[in-house]
Amino acid sequence: MGRLNLILVWSLSLTLSLYNLHPTSAQLSPNHYANVCPNLETIVRQVVTTKFQQTFVTVPATLRLFFHDCFVQGCDASVLVASTGNNQAEKDHPDNLSLAGDGFDTVIKAKAAVDAVPQCRNKVSCADILALATRDVIVLSGGPSYTVELGRFDGLVSRASDVNGRLPHPTFDLNQLNSLFAANGLTQTDMIALSGAHTLGFSHCSKFANRIYNFNGQTPVDPSLNRQYAIQLQQMCPRNVDPRIAINMDPTTPRRFDNVYYQNLQQGKGLFTSDQILFTDQRSRNTVNSFASNANVFNSNFIAAMTKLGRVGVKTARNGKIRTDCSVL
């Protein structure tokens, strides 16, 4: 092989390796549907606003759906797929059973509204509709607006087995959180900013019962929990409580997207171990303090992290499709 050919091969392999580091973000663009479905964002926003007016659960349900989708096989709407006789889909994995139906309903209704426009029919992916709906619920609950990058294709597979080990658990420590987020190209700062989504939504008592009843042999209550908050939690979640009972993640402003989540952590009012550890661990405390004291700093970091999250594992026309029904592969 001649010298010139060697250089060309080396150059090509370098280009491919660089491409593989960021294989999909280049295809995403805020203007992806400008000529295909120019009113896309307006259509989705109208549906999301109507749904929001019907029930506030729309907000945390949609936001959580996006996160759970992107962390398993990338942002490809695979979490929306229904199980069939020969395939158990992602949504039926134990880690996804607590996803509220209002998130799924929001995307399904938005997809129907988009496809009702002849110009847009079967042109817009479920993955992009979920990404837009997520931004819209954040804005509707008082959070920051941001530009959503578009151009995702929907995934071709959805397997419950793929969820194993891909989602954070309430008992995680900082190392476990950082490892999981790093696997998706997200930094510790990104992780702390995305954790701020716990300023909305709710949790079932079973997810944190260990912190208020049987923390360890020496003390039944997690000492990092605010004492008064622990008593409130025990009152709301007595032993053997109905497993359907859920309480707000943010006891202070549960229906507003704000930085109070971080102020709660400073006071020992993080509901999960994985929340409170962000303040108790010295490596992450400064970031929590920064977000707690300045809403603008939190908002800008949250937007940056959401944008990066939206680029995870994006599918192309080569390994994806535009689903006509978001629940069917």
Side-chain angles (χ1 to χ4, degrees), residues 44-45 47-52 54-83 88-114 124-141 143 146 148-150 152-155 157-160 162-163 166-170 180-181 184 186 194-204 207 246 249 257 302 305-315 323 325-329:
V44 173
R45 188 178 300 114
V47 171
V48 174
T49 302
T50 300
K51 181 76 181 166
F52 169 77
Q54 292 167 349
T55 172
F56 182 81
V57 176
T58 301
V59 177
T62 305
L63 181 50
R64 193 157 171 252
L65 194 62
F66 181 65
F67 182 86
H68 279 234
D69 181 43
C70 292
F71 260 46
V72 181
Q73 300 297 338
C75 307
D76 65 353
S78 52
V79 74
L80 299 172
V81 174
S83 294
Q88 187 181 34
E90 284 178 29
K91 68 183 293 187
D92 288 321
H93 185 278
D95 288 354
N96 282 332
L97 293 179
S98 61
L99 290 170
D102 286 296
F104 295 90
D105 190 48
T106 299
V107 179
I108 289 165
K109 285 181 174 169
K111 172 72 168 170
V114 170
V124 183
S125 69
C126 303
D128 278 343
I129 289 173
L130 175 55
L132 286 170
T134 300
R135 186 270 313 274
D136 293 343
V137 296
I138 290 166
V139 174
L140 285 166
S141 56
Y146 56 93
V148 177
E149 297 177 335
L150 300 166
R152 300 166 188 81
F153 281 71
D154 297 323
V157 297
S158 179
R159 295 178 295 249
D162 290 334
V163 181
R166 299 279 178 86
L167 294 170
H169 283 202
L180 198 62
F181 279 71
N184 291 287
L186 298 161
L194 290 171
S195 296
H198 283 176
T199 187
L200 301 163
F202 47 84
S203 167
H204 292 96
K207 297 293 185 183
M249 295 286 294
F257 187 98
F302 182 80
M306 284 295 284
T307 302
K308 286 172 70 174
L309 176 62
R311 296 170 179 165
V312 173
V314 171
K315 304 299 186 291
R323 274 186 231 139
D325 181 338
C326 293
S327 67
V328 179
L329 287 173

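With rounding to the nearest 0.5 Å, the separation of OG1 in Thr50 from CZ in Arg45 is 12.5 Å. Between the NE2 atom in His68 and the NE2 atom in His93 there is a gap of 11.0 Å [rounded to 0.5 Å]. For the atom pair CG of Leu329 and CG of Asp154, the computed distance is 9.5 Å after rounding to the nearest 0.5 Å. In this structure, OG1 in Thr134 is found 5.5 Å from CE in Met306, a value given to the nearest 0.5 Å.
No more than 12 heavy atoms of other residues, nucleotides or ligands lie within 6.0 Å of NZ in Lys207, so this atom counts as exposed by the packing criterion.
Of the residues Thr58, Val48, Val47, the one that meets the side chain to side chain contact (heavy atoms under 4.5 Å, CB included) test with Asp136 is Val48. Of the listed residues (Thr106, Leu200, Asp102, Asp105), just one forms a side chain to side chain contact (heavy atoms under 4.5 Å, CB included) with Val57, and that residue is Asp102. Results of the side chain to side chain contact (heavy atoms under 4.5 Å, CB included) test with Cys70 over Leu309, Asn184, Val314 single out Leu309 as the only residue that passes.
Under a 3.5 Å cut-off, the side chain of Ser83 and the backbone N or O of Ala89 do form a donor-acceptor pair. Side-chain N or O atoms of Asn96 include one that pairs as donor or acceptor with a backbone N or O of Glu90 at under 3.5 Å. With Arg323 contributing its side chain and Gly155 its backbone, the two residues share a donor-acceptor pair below 3.5 Å.
Under the 3.5 Å distance criterion, with hydrogens and angles disregarded, a donor-acceptor pair is assigned to the side chains of Asp95 and His169.
Ring geometry for Phe71 against Phe181 counts as perpendicular: the plane angle is over 60°, on a 0 to 90° scale with 30° as the lower cut.
Pairing each heavy atom of Pro168 with each of Leu180, the nearest pair is N-CD2, 3.1 Å.
A salt bridge (charged side-chain N to carboxylate O under 4.0 Å, His left out) check over residues 58-77, counting only residues at least two apart or in different chains, returns the pairs Asp76-Lys315.
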